Amino acid sequence: MKTIIGLLVLLTVTFAAPIDDSQSAQILKYDSENIGIDGYRFEFETSDGTSRSEQAELRNAGTDAEAIVVRGSYSYVGPDGTQYVINYVADENGFQPEGAHIPK
């Protein structure tokens, strides 16, 4: 459980990028529900082409095999103008990203 929480903190820090005040993005869409101990779901989209969708669920609650399973995706427009999309799962097997630009 501590590993998953650490992973979620790491992901949050990873996605926090410096903001260029001359090009601040506006939030176009935001939705969330069921934020609690058993899981959560959220999604957002910004005016600079960034979006993220994520959901999590607690599996095997109260057992030695208790784990949070997170599934989601995010996309952004890179400096080269390309739209990058990453789909991921984070569970007892670690963070597992997939994207056309990520080597296998």
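In this chain, numbering begins with 1 at the start of the sequence shown. Bear in mind that the values here come from a model prediction, so they are computed numbers and not experimental data.
In the model, Tyr30 has no side-chain atom that pairs as donor or acceptor with a side-chain atom of Glu45 under 3.5 Å. Side-chain contact of Ser51 with Ser75: a donor-acceptor pair under 3.5 Å is present, judged by distance alone. Side chains of Tyr88 and Glu54: a donor-acceptor N/O pair is present below 3.5 angstrom, by distance only.
Under the 4.5 Å side-chain criterion, counting only non-hydrogen atoms from C-beta, Leu58 is not in contact with Tyr40. Phe42 has its side chain within reach of Arg52: a pair of non-hydrogen atoms, C-beta onward, lies under 4.5 Å apart.
By the side chain to side chain contact (heavy atoms under 4.5 Å, CB included) test, Asp64 is found to be paired with no residue, residues two or more places apart in sequence or in another chain being considered. Asp31 is linked by a side-chain hydrogen bond (donor to acceptor under 3.5 Å, both in side chains) to Arg41, counting only residues two or more places apart in sequence or in another chain. Shown here are the side chain to side chain contact (heavy atoms under 4.5 Å, CB included) partners of Thr50, two or more places apart in sequence or in another chain: Phe44, Thr46, Asp48, Tyr76.
A donor-acceptor pair under 3.5 Å links the side-chain atoms of Thr63 to the main chain of Ala65, judged by distance alone.
Glu66 CD to Glu92 CD: the interatomic distance, rounded to the nearest 0.5 Å, is 12.0 Å. Taking OG of Ser73 as the start and CD of Glu43 as the end, the distance is 9.5 Å to the nearest 0.5 Å.
Hydrophobic clustering, with ILVMFWY side chains joined whenever heavy atoms are under 4.5 angstrom apart, keeps Ile86 apart from Val89. In the hydrophobic cluster analysis, where Ile, Leu, Val, Met, Phe, Trp and Tyr join through side-chain heavy atoms closer than 4.5 angstrom, Leu28 is grouped apart from Val77.
Across Val70 and Ala56, no two heavy atoms sit closer than the pair CG2-CB, 3.8 Å. Nearest heavy-atom pair, Gln96 versus Asp91, reported as atom, atom and distance to 0.1 Å: NE2-OD1, 2.9 Å.
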